[in-house]
Amino acid sequence: MTDRATQRLRNGTRTWHEALERTGFATAMLAGGLPLNRYVGQLAAYRVVLKTLETELARATCPSVASVWSPDLAKLPFLERDLRHFLALGAVLRPGPAAEEFAAEIRRTAATDPPELLGFLYVLEGSTLGARFLLRYVTEAYRLTDGNGTSYYGSGDRARWAALTERLDRALGEPAVQERVLAAAERAYRHVALISAELSVGLGSPAPEPV
């Protein structure tokens with residue numbers, strides 16, 4: 001019996017997920033010592049990535065993407081809300097080159113194999129579930145109130161995740177397609193790791209890359 005697509009994605013990317021938890025960025029956040037500009041830098045980087053991904057998902061015409069993506073899955077509005085808050089406080093948004101490299105990867109994938117965009121979506125949507133666990137650390141570290149600056153980290157939802165994984169499993173039934181989407185998810189994690197490495201400079205050694 002063929003594994004469900006999301007089961008293959010979860011099993012195939014577990015080592016990446018664990019490695020990201022050991023970055024200087026992640027450990028500093030858990031310790032309450034992550035500089036605010038690094039947190040804002042992550043939001044700015046993800047804005048570049050998600051703006052590109054959501055644009056390409058919305059314009060894709062292949063049946064698998066059309067059956068999974070819907071406007072209610074968009075996370076860009078949460079990032080925009082958070083960044084407006086920090087801009088009003090004088091923050092400077094300078095996403096590093098890793099964000100644009102990820103965006104370029106998304107555009108290439110959209111042009112060559114649109115179903116693989118679902119691997120990127122799986123990784124980025126799944127990351128907001130973990131972000132909910134980190135929400136209290138962010139709120140306490142930067143004394144954020146009334147949801148200001150935490151919309152993205154608070155946007156993960158288990159019911160929403162369950163609905164997305166159900167759609168993915170229906171859309172990605174063929175093992176060969178699952179393999180390509182898994183490879184795309186691994187590429188997504190590699191780019192996320194590069195973003196995290198940029199934001200970890202001076203905070204400790206970045207996590208080793210999975211092999």
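Note that this is a predicted model, so its numbers are computed, not measured.
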Q.
Could you check, using the six-membered ring where one of them is a Trp, whether Y39 and Y153 have ring centers closer than 6.0 angstrom?
A. yes
Q: For residues S70 and R167, determine if any side-chain heavy atom of one lies less than 4.5 Å from a side-chain heavy atom of the other.
A: yes
Q: Output all residues satisfying salt bridge (Lys or Arg N to Asp or Glu O under 4.0 Å) with R170, sequence neighbours left out; order by chain, then residue number.
A: E166
Q) If every non-hydrogen atom of S155 is compared with every non-hydrogen atom of T128, which pair is closest and at what distance? A) OG-CG2, 3.8 Å
**Q.** Rounded distance (nearest 0.5 Å) linking atom CG of L73 with atom CG of L124
**A.** 12.0 Å
Q) Hey, is the main chain of E186 close enough, under 3.5 Å, to the side chain of R190 for a donor-acceptor pair? A) no
Q) How about L30 and L134: do any of their side-chain heavy atoms sit closer than 4.5 Å? A) yes
**Q.** Residue pairs fulfilling salt bridge (charged side-chain N to carboxylate O under 4.0 Å, His left out) with at least one residue in residues 95-106, sequence neighbours excluded
**A.** E100-R107, E105-R108, E105-R187
Q. Can you tell me how far CG of L121 sits from NZ of K75, rounded to the nearest 0.5 angstrom?
A. 9.0 Å
(Q) Suppose we screen for side chain to side chain donor-acceptor pair (under 3.5 Å). Which residues come up paired with R10, at least two apart in sequence or across chains? (A) none
Q. Does the side chain of L43 reach to within under 4.5 Å of the side chain of Y46, using non-hydrogen atoms?
A. no
Q) Can you tell me how far CG of L34 sits from OH of Y142, rounded to the nearest 0.5 angstrom? A) 3.5 Å
Q) Which pair of non-hydrogen atoms, one from I195 and one from A45, has the smallest distance, and what is that distance? A) CG2-CB, 3.9 Å
Q. Can you list every side-chain hydrogen bond (donor to acceptor under 3.5 Å, both in side chains) pair that touches residues 54-63, not counting sequence neighbours?
A. E56-R59
**Q.** Residue list, side-chain contact (heavy atoms from CB on, under 4.5 Å) with D157, at least two apart or on another chain
**A.** A159, R160
Q) Quick one: CG on L172 to OG on S67, what's the gap to the nearest 0.5 Å? A) 7.5 Å
Q. Which heavy atom of L9 sits nearest a heavy atom of A185, and at what distance?
A. CD2-CB, 3.8 Å
Q. Just checking, is any N or O donor in the side chain of S200 or R38 under 3.5 Å from an acceptor N or O on the other one?
A. no
Q: With sequence neighbours left out, write down each residue that passes ring-ring contact (aromatic ring centres under 6.0 Å, His included) with H85, or none if nothing qualifies.
A: none
Q: Could you state whether F133 and M29 fall into the same hydrophobic cluster, counting links through intermediate Ile, Leu, Val, Met, Phe, Trp or Tyr residues with side-chain heavy atoms under 4.5 angstrom apart?
A: yes
Q: Return each pair, listed once, that meets salt bridge (charged side-chain N to carboxylate O under 4.0 Å, His left out) where at least one residue sits in residues 126-142; pairs must be two or more places apart or across chains.
A: none
(Q) Do L194 and F102 land in one hydrophobic cluster if side-chain heavy atoms of ILVMFWY residues count as linked below 4.5 Å? (A) no
Q | same_hphob_cluster(F86, L50) at 4.5 Å side-chain heavy-atom cutoff | A | yes
Q. Taking all non-hydrogen atoms of both residues, which atom of D82 and which atom of T150 are closest, and how far apart?
A. OD1-N, 3.1 Å
**Q.** Set of side chain to side chain donor-acceptor pair (under 3.5 Å) partners for D146, sequence neighbours left out
**A.** none
Q | Point-to-point distance, once rounded to the nearest 0.5 Å, from CD of Q178 to CG of L118 | A | 12.0 Å
Q: Would you kindly say whether N11 and R8 are connected by a side-chain donor-acceptor distance under 3.5 Å?
A: no
Q. For T165, what residues pass the side chain to side chain donor-acceptor pair (under 3.5 Å) criterion, not counting sequence neighbours?
A. none
Q | Over all atoms of both residues, closest heavy-atom pair of A193 and W16 | A | CB-CZ3, 4.0 Å
Q. Transitively linked via ILVMFWY side-chain contacts under 4.5 Å: V68 with L182?
A. yes
Q) Given the rule in the side chain to side chain donor-acceptor pair (under 3.5 Å) test, do Y152 and Q42 qualify, once you have shown the distances and angles that lead to the verdict? A) CA-CA 11 Å; Y152 181 69; Q42 185 194 52; over 6 Å; no
Q | Listed once per pair and sorted, the ring pair (Phe, Tyr, Trp, His ring centres under 6.0 Å) pairs that draw on residues 59-81, sequence neighbours left out | A | none
Q.
Could you work out, with side chain to side chain donor-acceptor pair (under 3.5 Å) as the rule, every residue matching S196, not counting sequence neighbours?
A. T23
(Q) Can you pull out every salt bridge (charged side-chain N to carboxylate O under 4.0 Å, His left out) where at least one residue sits in residues 44-53? Sequence neighbours excluded, please. (A) R47-E80
Q. Same cluster for L76 and L93 if Ile/Leu/Val/Met/Phe/Trp/Tyr side chains link at under 4.5 Å?
A. no
Q | Distance-minimising heavy-atom pair for L203 and P35 | A | CD2-CD, 4.0 Å
